[in-house]
Amino acid sequence: MKKSFFAVCFGLLLMVAMFSTVSAANVQVRISGWGGSDQPIIEEMLRLYVTPAMAKEGITVLYEPIADDFQRYIVNALSANTAPDLFYMDIFWAQSLIQAGQVEPLDNYIAKSKILKKEDFIPSLLDAFSYQGKVYGIPKDFNTLALFYNKDLFDLAGVAYPDENDTWDTLAKKLEAVSKLDGVYGLALQPEFARMGAFTYAAGFKTFDQNGKSNLFHPGFKAAFEWYTGLAKTRAGVMPADLGQSWGGGAFGTEEVAACIEGAWVIGHLKDQAPNLNYGTTFLPKDPSTGKRGNLIFCVAWGMNKDSKNKQAAFKVLEQLTSPEVQQWILERGLALPSRVALADNPYFKQNNREAQANYIVFRGASEGNVVPFSFGEYGGRWMDPINEALRAVMSGEMSVEEGLREAQYRLDQEMQR
């Protein structure tokens with residue numbers, strides 16, 4: 001009788017163990033981000049690091065890249081309850097998802113983790129994905145803006161390279177001088193706040209005042225707007241569209257402009273499209289009045305679906321996606337800048353090649369002067385639209401600076417009164 005009893009118990013335990021093993025093996029975590037050039041990078045990273053580590057935990061990772069309009073995809077998928085367990089959140093629109101209650105707060109998971117601690121990440125980046133005291137996203141990497149310049153064109157023109165001591169005024173003189181070369185303009189002037197905005201922050205502009213309003217006639221904003229659009233009056237600057245290019249990096253790669261303002265994302269483009277371009281990188285120039293630089297932080301985090309059925313497993317995947325090993329690999333590949341504090345003094349940054357040096361300048365840009373997240377609260381991209389249109393109109397000669405700012409302020413006020 002006893003033998004039978006123990007046999008039954010043993011059998012039950014065995015079944016439970018087998019069931020547990022099968023259940024663990026069946027846990028699948030879906031992750032999603034944008035496609036394009038990002039896709040092969042993520043696929044390789046998963047193959048080398050995440051998939052082997054998760055296999056030991058009985059977790060399978062299913063990667064779902066989205067080729068077009070990721071923001072619209074994730075908004076619709078979250079509403080339809082078909083969203084992946086983990087997904088990219090751009091600093092530009094993350095707050096709208098968080099405020100809508102569609103993202104899982106991560107504080108309780110982090111408190112129990114031995115891999116992922118708040119203090120391991122650059123504070124300004126983690127703050128950008130925090131809301132009402134809770135963390136909703138773990139930054140995977142980031143970018144700032146830097147000045148990329150064509151050494152050969154500056155040499156040919158006999159003009160000193162742009163450097164970290166330049167102010168708006170001295171840089172403008174260098175750009176105007178190099179634009180004397182046939183077929184060459186100075187700077188690629190994107191008619192976007194995503195570039196010009198860095199100069200407004202250098203001049204002391206705040207996106208929102210204490211009442212939550214934006215004043216485009218703030219002396220700092222107006223000074224930066226005048227300086228930036230003023231470059232288009234001579235060959236010191238040109239809109240990429242006037243050269244048949246869709247962005248500054250494109251015009252820079254074809255050597256139609258001597259300089260452009262971009263983040264480290266331009267490095268991959270130059271590797272592919274202009275591998276022999278002899279370029280250097282330096283900080284954005286200082287505002288001659290304040291003596292400070294400005295910059296924008298562009299950042300993407302991993303967020304967790306509030307309605308995920310596999311939150312514990314998803315967090316284990318999140319730990320691996322943002323682990324020191326993965327960020328080291330990403331950095332050494334020259335693909336992005338790490339969000340972990342410990343990698344700030346990484347030997348990679350000391351390498352004597354243009355890609356590593358460019359990445360170092362972009363990395364340091366996060367702590368040089370007035371640095372502001374590329375985010376506009378509840379207004380999102382609607383906040384920038386009137387400013388972008390004013391930039392284009394003024395640089396095209398359709399409006400004066402005063403007219404452009406007045407029109408942009410009117411439209412912005414209308415938007416903020418809705």
Side-chain angles (χ1 to χ4, degrees), residues 29 31-33 71 74-75 77-79 81 83-144 201 205-214 295-324 327 337-344 366-367 370-383 416:
V29 172
I31 69 171
S32 187
Q71 182 184 3
I74 198 65
V75 168
L78 287 167
S79 298
N81 203 23
D85 301 290
L86 297 173
F87 50 84
Y88 279 8
M89 291 197 303
D90 192 297
I91 195 171
F92 188 58
W93 45 260
Q95 190 173 336
S96 61
L97 296 184
I98 295 169
Q99 286 183 293
Q102 295 172 308
V103 187
E104 176 79 359
L106 301 173
D107 301 77
N108 291 338
Y109 302 89
I110 295 172
K112 299 173 184 175
S113 176
K114 295 181 180 178
I115 298 175
L116 202 160
K117 300 293 184 184
K118 291 182 183 179
E119 58 268 25
D120 292 339
F121 291 83
I122 296 172
S124 61
L125 303 183
L126 205 59
D127 288 347
F129 295 96
S130 298
Y131 180 68
Q132 295 184 342
K134 294 183 178 179
V135 176
Y136 286 85
I138 303 301
K140 69 183 192 69
D141 52 44
F142 76 99
N143 252 293
T144 66
Y201 296 129
F205 172 70
K206 305 288 185 185
T207 312
F208 303 108
D209 63 18
Q210 64 273 22
N211 298 316
K213 302 298 181 183
S214 301
N295 217 320
L296 292 162
I297 285 186
F298 304 84
C299 185
V300 175
W302 286 104
M304 185 189 297
N305 185 349
K306 183 69 178 295
D307 294 326
S308 168
K309 306 300 183 191
N310 304 305
K311 292 178 182 175
Q312 294 297 334
F315 187 76
K316 288 184 178 295
V317 176
L318 178 56
E319 287 178 323
Q320 287 301 315
L321 289 170
T322 57
S323 67
Q327 290 216 331
L337 297 174
S339 54
R340 284 185 173 265
V341 176
L343 296 178
S367 57
N370 301 329
V371 187
V372 179
F374 186 60
S375 175
F376 308 100
E378 61 185 287
Y379 304 106
R382 301 192 308 278
W383 187 89
M416 299 179 83

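We use all heavy atoms of the structure for the numbers below, so side chains are in, but hydrogens, waters and symmetry mates are not. For the single chain, residues carry numbers from 1 onward in sequence order.
- Once rounded to the nearest 0.5 Å, the distance linking CD1 of Ile91 with CZ of Phe376 reads 10.0 Å.
- The closest donor-acceptor contact from the side chain of Ser308 to the backbone of Asn305 lies at 3.5 Å or more, if one exists at all.
- When side chains are defined from C-beta on, Thr322 counts as touching Phe121, because their heavy atoms get closer than 4.5 Å.
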Please walk me through it: do Val75 and Gln102 pass side-chain contact (heavy atoms from CB on, under 4.5 Å)? CA-CA 9 Å; Val75 168; Gln102 295 172 308; 5.7 Å; no
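- For the 3.5 Å distance criterion, the side chains of Ser113 and Glu319 qualify, holding a donor opposite an acceptor.
- Asp90 contributes a side-chain N or O that, together with a main-chain N or O of Phe92, makes up a donor-acceptor pair within less than 3.5 Å.
- Considering CZ of Phe208 and CE of Met416, their distance stands at 5.0 Å, rounded to 0.5 Å.
- More than 12 heavy atoms of other residues, nucleotides or ligands lie within 6.0 Å of CG in Asp107, so this atom counts as buried by the packing criterion.
- Sorted by first then second residue, the side-chain hydrogen bond (donor to acceptor under 3.5 Å, both in side chains) pairs that include residues 129-141, not counting sequence neighbours, are Gln99-Tyr131.
- Enclosure of atom NZ in Lys309 is not indicated, since only 12 or fewer non-hydrogen atoms of other residues, nucleotides or ligands lie within 6.0 angstrom.
- Rounding to the nearest 0.5 Å places CD of Gln320 at 13.0 Å from CH2 of Trp302.
- Taking the ring pair (Phe, Tyr, Trp, His ring centres under 6.0 Å) definition, one finds that Phe142 meets it with Phe363, sequence neighbours left out.
- Using a 4.5 Å heavy-atom cutoff, the side chains of Tyr109 and Glu104 are in contact.
- Between Phe87 and Leu78, the closest side-chain pair of non-hydrogen atoms falls below 4.5 Å.
- Summarising the geometry of Leu86 relative to Ala314, their closest heavy-atom pair is CD1-O, 3.3 Å, with the distance given to 0.1 Å.
- For the pair Phe129 and Cys299, the tightest heavy-atom approach, listed with the atom from each and the gap, is CE1-SG, 3.6 Å.
- Of all heavy-atom pairs between Glu378 and Arg382, the closest is O-NH2, 3.5 Å.
- To the nearest 0.5 Å, the span separating CZ on Phe374 from CD1 on Ile297 amounts to 12.5 Å.
- Residues Thr144 and Phe298 share a closest heavy-atom pair of CA-CD1, 4.4 Å.
- Between Gly303 and Met89, the shortest heavy-atom contact is CA-CE, 3.9 Å.
- In plain terms, the two heavy atoms of Leu343 and Pro338 that are nearest each other are CD1-CB, 3.4 Å.
- Considering only heavy atoms from C-beta on, Val317 stays 4.5 Å or farther from Asp85 through its side chain.
- Interatomic distance, Ile138 CD1 to Leu116 CG, rounded to the nearest 0.5 Å: 4.5 Å.
- The backbone N or O of Lys213 sits less than 3.5 Å from a side-chain atom of Asp209, completing a donor-acceptor pair.
- Atom CG of residue Asn370 and atom NZ of residue Lys206 lie 6.0 Å apart, to the nearest 0.5 angstrom.
- A side-chain donor-acceptor contact under 3.5 Å links Ser339 to the backbone of Pro139.
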